[in-house]
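These figures come from a predicted structure and were not determined experimentally.
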Amino acid sequence: MVASSIPDPKVRHFGFLLLENYSMIAFTNAVEVLRMANLLSRQPLYTWTVVSANGSQSAASNGLTVADSGDLQSLDACDLVFVCGGVEVQKAISDSVVQDLRRRVARGQALGALCTGTHALAAAGVLDGYRCAVHWENLVALRESHPKVHFALEVFVIDRERVTASGGIAPLHLMIHMVRAHHGNKLAMAISEQFIVDRVRDQSDQQKLPQPEFVGPGYEHLVEAAELMSANIEEPLTLSEIADAAGISLRQLERLFHRYYNVTPAQHYLTLRLRRARELLSHTSAPIMQITVACGFQTASHFCKAYRALFGHSPSEHRRQGGSQGLVHVGVSADTGARRPPSRAAVSMPMYVS
């Protein structure tokens with residue numbers, strides 16, 4: 001048994017509103033984490049209600065159906081209601097679904113979405129002013145049709161009373177993250193071990209996009225600029241140096257980052273350095289001051305402030321909360337070859353803040 005770290009834990013009730021052709025993998029990954037939390041703790045930490053949006057059993061995109069455990073009204077008792085979407089999601093969003101979601105917001109109920117369920121929340125206007133996650137295939141179209149919503153490329157996003165996850169196994173990581181927040185790291189890690197999950201992703205992790213989806217004018221310069229940033233973490237280059245090395249003007253550099261990644265070059269560079277810091281905090285025993293220097297920060301105060309702004313906690317809190325599990329006791333050294341333009345070989349999609 002793995003007990004909750006809370007002496008008298010609250011029982012939380014989740015609702016799942018299934019749209020026609022919803023993603024079975026996204027839905028079941030979310031529910032299975034709740035089931036495993038109950039099994040390992042031997043307590044009913046979570047309950048859930050499953051409802052089909054069309055009033056009868058909705059088929060998943062794989063043709064399978066899940067028996068409903070309630071109706072729309074039964075979702076009113078839930079602490080959080082997830083809309084589960086999948087393929088051809090626009091056809092599945094009826095006027096009744098939109099009105100029901102607006103009613104839930106009016107009564108103060110927290111809402112979430114799995115996979116393309118974010119479409120439904122956006123269509124209902126209940127995501128305006130919020131950050132949210134959606135599968136990368138839907139990102140561009142949603143940004144254009146819903147300019148008041150801040151669509152991010154994180155694997156999942158928790159923004160106040162809106163909880164969204166992209167497709168596939170992202171809901172599994174989201175729910176483990178929520179279990180950790182509710183009941184502590186020990187239970188969360190026990191769940192991940194049961195599911196043979198080597199690494200639980202958090203809110204800062206990005207979806208990996210296929211490069212062809214974003215290839216366009218100037219993309220090769222953007223890749224080169226991103227490579228330069230990744231190769232110069234300990235001693236950051238100026239943006240002018242990066243632009244010169246990539247063969248473009250500073251203004252062109254800014255336009256490219258905005259066009260493809262919706263951030264400034266400075267935001268992207270800072271995020272790369274902070275993500276490197278997080279990796280070092282998690283996987284090495286290096287002192288925080290050493291990591292500060294290795295990631296190009298001149299003062300620990302600046303580093304800690306920037307780290308908290310991105311990840312929501314300080315570097316020392318990251319280690320205390322279990323971020324150092326599985327660390328390797330090695331020192332931190334700078335990348336060799338820094339301040340040299342790298343080759344034009346293909347690289348992984350760079351990370352950024354949306």
Side-chain angles (χ1 to χ4, degrees), residues 152-158 173 176-177 180-181 184-186 188-189 192 197-208 224-242 245 257 261 263-342 347-354:
L153 256 179
E154 278 86 351
V155 172
F156 63 86
V157 173
I158 300 176
H173 295 277
I176 292 179
H177 176 87
R180 177 184 285 114
N185 189 64
K186 189 174 181 180
M189 289 299 98
S192 67
V197 176
D198 295 331
R199 172 177 172 261
V200 178
R201 304 174 79 176
D202 62 30
Q203 289 194 77
S204 66
D205 282 302
Q206 310 285 314
Q207 299 177 58
K208 184 177 180 180
E224 186 165 0
E227 285 182 316
L228 278 167
M229 292 178 181
S230 296
N232 293 272
I233 296 294
E234 183 174 22
E235 297 183 30
L237 301 171
T238 67
L239 296 182
S240 294
E241 288 176 314
I242 293 171
F257 269 94
Y261 302 140
V263 292
T264 66
Q267 287 174 317
H268 174 86
Y269 206 173
L270 178 60
T271 301
L272 284 179
R273 293 158 57 201
L274 291 170
R275 288 178 61 80
R276 176 71 62 80
R278 189 185 62 167
E279 292 175 2
L280 295 174
L281 286 166
S282 297
H283 302 297
T284 78
S285 58
I288 290 178
M289 192 62 220
Q290 190 176 354
I291 294 174
T292 298
V293 175
C295 294
F297 293 91
Q298 295 185 352
T299 66
S301 60
H302 179 207
F303 168 56
C304 291
K305 182 178 180 180
Y307 193 95
R308 182 182 293 277
L310 181 60
F311 299 120
H313 53 260
S314 69
S316 57
E317 288 171 337
H318 175 89
R319 280 189 165 167
R320 285 199 300 269
Q321 292 170 0
S324 60
Q325 289 196 5
L327 61 79
V328 178
H329 295 279
V330 297
V332 176
S333 59
D335 291 339
T336 59
R339 305 187 70 83
R340 290 188 296 106
V347 293
S348 300
M349 179 63 63
M351 305 299 182
Y352 62 91
V353 176
S354 297

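Between Ser240 and Thr238, the side chains place no donor N or O within less than 3.5 Å of an acceptor N or O (distance only, hydrogens not considered).
Residues Cys295 and Leu274 form no side-chain contact, since every pair of their non-hydrogen atoms from C-beta on lies 4.5 Å or further apart. Residues Tyr269 and Thr264 are not in side-chain contact: their nearest non-hydrogen atoms beyond the backbone lie 4.5 Å or more apart. Considering only heavy atoms from C-beta on, His173 comes within 4.5 Å of Val197 through its side chain. For the pair Arg278 and Leu310, the minimum side-chain heavy-atom distance is 4.5 Å or more. Met229 has its side chain out of reach of Leu237: every pair of non-hydrogen atoms, C-beta onward, lies at least 4.5 Å apart.
Taking each heavy atom of Arg273 and Gly296 in turn, the nearest pair found is NH2-O, 2.9 Å. Between Ser314 and Tyr307, the closest heavy-atom pair is C-CD2, 3.8 Å. Of all the heavy atoms in Ala245 and Leu228, the pair that sits closest is CB-CD1, 3.4 Å. Between Leu239 and Pro265 the shortest heavy-atom distance is CD2-CB, 3.8 Å. The nearest pair of heavy atoms linking Pro236 to Glu234 is CD-O, 3.3 Å. Here the closest heavy-atom approach between residue Ala226 and residue His268 is recorded as CB-NE2, 4.2 Å.
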Quick one: do Phe156 and His177 satisfy side chain to side chain contact (heavy atoms under 4.5 Å, CB included)? Show the steps, please. CA-CA 10 Å; Phe156 63 86; His177 176 87; 3.8 Å; yes
Check the pair Tyr261, Leu153 against side chain to side chain contact (heavy atoms under 4.5 Å, CB included), reporting the backbone distance first and the verdict last. CA-CA 9 Å; Tyr261 302 140; Leu153 256 179; over 6 Å; no
Could you please spell out the steps behind the side chain to side chain contact (heavy atoms under 4.5 Å, CB included) verdict for Leu270 and Phe297? CA-CA 10 Å; Leu270 178 60; Phe297 293 91; 3.7 Å; yes
Between Met189 and Val200, is the side chain to side chain contact (heavy atoms under 4.5 Å, CB included) condition met? List the steps. CA-CA 8 Å; Met189 289 299 98; Val200 178; 4.0 Å; yes
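Here CZ of Arg276 is found 4.5 Å from CD1 of Ile233. Values are rounded to the nearest 0.5 Å. Within the model, atoms OG1 of Thr271 and CD of Gln267 stand 7.0 Å from one another, a figure rounded to the nearest 0.5 Å. Here His302 contributes atom NE2 and Thr292 contributes atom OG1; the two are 10.5 Å apart, rounded to the nearest 0.5 Å. We find the CD1-CZ distance between Ile291 and Arg319 to be 4.5 Å, quoted to the nearest 0.5 Å.
With hydrogens and angles disregarded, no donor-acceptor distance shorter than 3.5 Å links the side chain of Arg201 to the backbone of Val155.
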